[in-house]
Trainee: 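Would you mind keeping the following structure in view while I ask a few things?
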Amino acid sequence: MSPSPAGPPAVEVRGLHVSLDGTPILIGVDLTVVAGEWVTVIGPNGAGKSTLLRAVGGLLPAPQAITLFGTPSTALRRRDRARVVATVTQSPVVPPGMSVLDYVLLGRTPYIPPLGRESTADIEAVHEVLDRLDLTGFHSRELATLSGGERQRVFLARALAQGATLLLLDEPTSALDIGHQQEVLEVVDQLRHAHGLTVLATMHDLSLAGEYADRMVMLADGRVVATGTPHEVLTERLLATHYRASVRVVPGTNGPLVVPVRPRRA
Ligand code: ADP
Ligand code: MG
């Protein structure tokens, strides 16, 4: 979808500083995600990608400098925020003994009145999303009995069932085989087009990242070091500088594909 220039951006981050235990983790980060856009944050381990997503998702205490659809993040109450933004973190907390159906139903919490029960519409929304993610037949399974890939799809299902317009996905495909990686990213992209969702993701697989992103942001040591189209960000020079990686960049379908090659001996 071509991003709509009208209306406030889905995400606006201006000069974000985050320190954890006294250590600066994000240093003056700027980021804009236009409504309807898919932006993927890349960067080496420890660059601050997860911290950035946690800040945008309101999972860090009151970060200033963040606006979601024109509303300062700090002005959003928990329940209102949950209707706007859904997050899949890298290692979600799994309540012990919980079934897949009950876990995904948690995504409907912002729509269920306090002390009320889920409606037929809530149950239908959950079933639809489980079917889309190839999880039909898993409804009554305990989360703990699933494979890593199955569990990852359940985490995504919960976020999608939440019906938020902004999806924050922290390495949504890292536990998946190559087929399920594509399947999950295709589902997200189809839902993005069908429902006008905005996606802000982090991904380790750079080729896959470039195939799905409209724009990419590269973080290194807590700072934005590059931003632009996949072709502008996935360059041999930037990957050598910030990942210390020896790669070849070859044409792909949307973005370039990044192929690791052994460094030449000195
Ligand atoms: P990425 O997702 O890019 O791998 P993270 O955002 O998870 O990076 O972490 C960025 C840096 O912040 C890392 O150096 C990590 O060790 C540090 N960090 C993360 N959480 C904490 C914390 N609670 N206290 C101190 N340092 C932290
Ligand atoms: Mg991370």
Side-chain angles (χ1 to χ4, degrees), residues 11-33 38-66 68 73-74 81 85-94 148-149 151-156 158-159 166-177 180-181 184-185 188 198-213 215-228 230 232-235 238-245 247 255 258 260:
V11 180
E12 180 104 69
V13 176
R14 282 291 158 264
L16 176 66
H17 288 266
V18 172
S19 289
L20 297 173
D21 292 342
T23 309
I25 307 292
L26 294 176
I27 302 145
V29 168
D30 292 334
L31 169 75
T32 302
V33 185
W38 182 320
V39 172
T40 298
V41 181
I42 60 167
N45 294 334
K49 304 180 295 295
S50 296
T51 305
L52 176 59
L53 255 62
R54 287 170 62 211
V56 172
L59 302 176
L60 287 177
Q64 303 292 316
I66 298 176
L68 301 178
S73 172
T74 45
R81 184 199 308 280
V85 46
T87 303
V88 181
T89 59
Q90 250 175 310
S91 1
V93 178
V94 179
R151 209 173 306 142
Q152 187 64 30
R153 279 180 286 140
V154 172
F155 296 149
L156 186 67
R158 177 191 155 154
L166 170 62
L167 274 181
L168 304 180
L169 307 176
D170 196 357
E171 296 187 25
T173 55
S174 46
L176 303 179
D177 64 60
H180 279 116
Q181 287 184 349
V184 157
L185 295 175
V188 171
T198 306
V199 179
L200 177 60
T202 74
M203 283 172 63
H204 257 303
D205 186 315
L206 300 174
S207 300
L208 208 54
E211 283 293 277
Y212 286 89
R215 281 192 309 116
M216 302 182 89
V217 173
M218 189 188 285
L219 276 185
D221 292 330
R223 290 186 167 85
V224 174
V225 292
T227 174
E232 288 165 334
V233 174
L234 296 175
T235 66
L238 281 168
L239 295 171
T241 305
H242 298 292
Y243 282 78
R244 298 181 188 285
V247 301
V258 178

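When reading the values below, keep in mind they use all heavy atoms of this one structure, side chains included, and skip hydrogens, waters and symmetry mates. For ligands, and for the atoms within them, numbers begin at 1 and follow the listed sequence.
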Trainee: Tell me whether D205 at atom CG has more than 12 heavy atoms from other residues, nucleotides or ligands lying less than 6.0 Å away.
Mentor: yes

Trainee: At a threshold of 2.8 Å, where the distance has to be below it, does the Mg ion (ligand 2) have an N, O or S atom of N45 nearby?
Mentor: no

Trainee: For H17 and I27, work out which heavy atoms get closest and say how close.
Mentor: ND1-CA, 3.9 Å

Trainee: Taking backbone and side chain together, does T202 place any N/O/S atom at a distance below 2.8 Å from the Mg ion (ligand 2)?
Mentor: no

Trainee: Would you check if there is a donor-acceptor pair between the side chains of S73 and R81 at a distance under 3.5 Å?
Mentor: yes

Trainee: Need the list: ligand 1 N/O atoms against protein N/O atoms, distance under 3.5 Å, rounded to one decimal.
Mentor:
residue  : atom   : partner : partner atom : Å
ligand 1 : 2 (O)  : S50     : N            : 2.9
ligand 1 : 2 (O)  : S50     : OG           : 2.9
ligand 1 : 3 (O)  : A47     : N            : 3.1
ligand 1 : 3 (O)  : G48     : N            : 2.9
ligand 1 : 3 (O)  : K49     : N            : 2.9
ligand 1 : 3 (O)  : K49     : NZ           : 2.8
ligand 1 : 4 (O)  : G46     : N            : 2.8
ligand 1 : 6 (O)  : S50     : N            : 3.4
ligand 1 : 6 (O)  : T51     : N            : 2.9
ligand 1 : 6 (O)  : T51     : OG1          : 2.5
ligand 1 : 8 (O)  : G48     : N            : 3.2
ligand 1 : 24 (N) : D21     : OD2          : 3.2

Trainee: Evaluate the side-chain contact (heavy atoms from CB on, under 4.5 Å) criterion for residues L31 and T227: first the C-alpha distance (whole Å), next the side-chain angles of each, then the deciding distance (0.1 Å), finally the verdict.
Mentor: CA-CA 9 Å; L31 169 75; T227 174; over 6 Å; no

Trainee: Is the closest side-chain donor-acceptor distance between N45 and H204 under 3.5 Å?
Mentor: yes

Trainee: Against L52, only a single residue in V29, V217, I25 fulfils side-chain contact (heavy atoms from CB on, under 4.5 Å); can you say which?
Mentor: V29

Trainee: If I take atom CG from residue L200 and atom NZ from residue K49, how far apart are they, to the nearest 0.5 angstrom?
Mentor: 12.5 Å

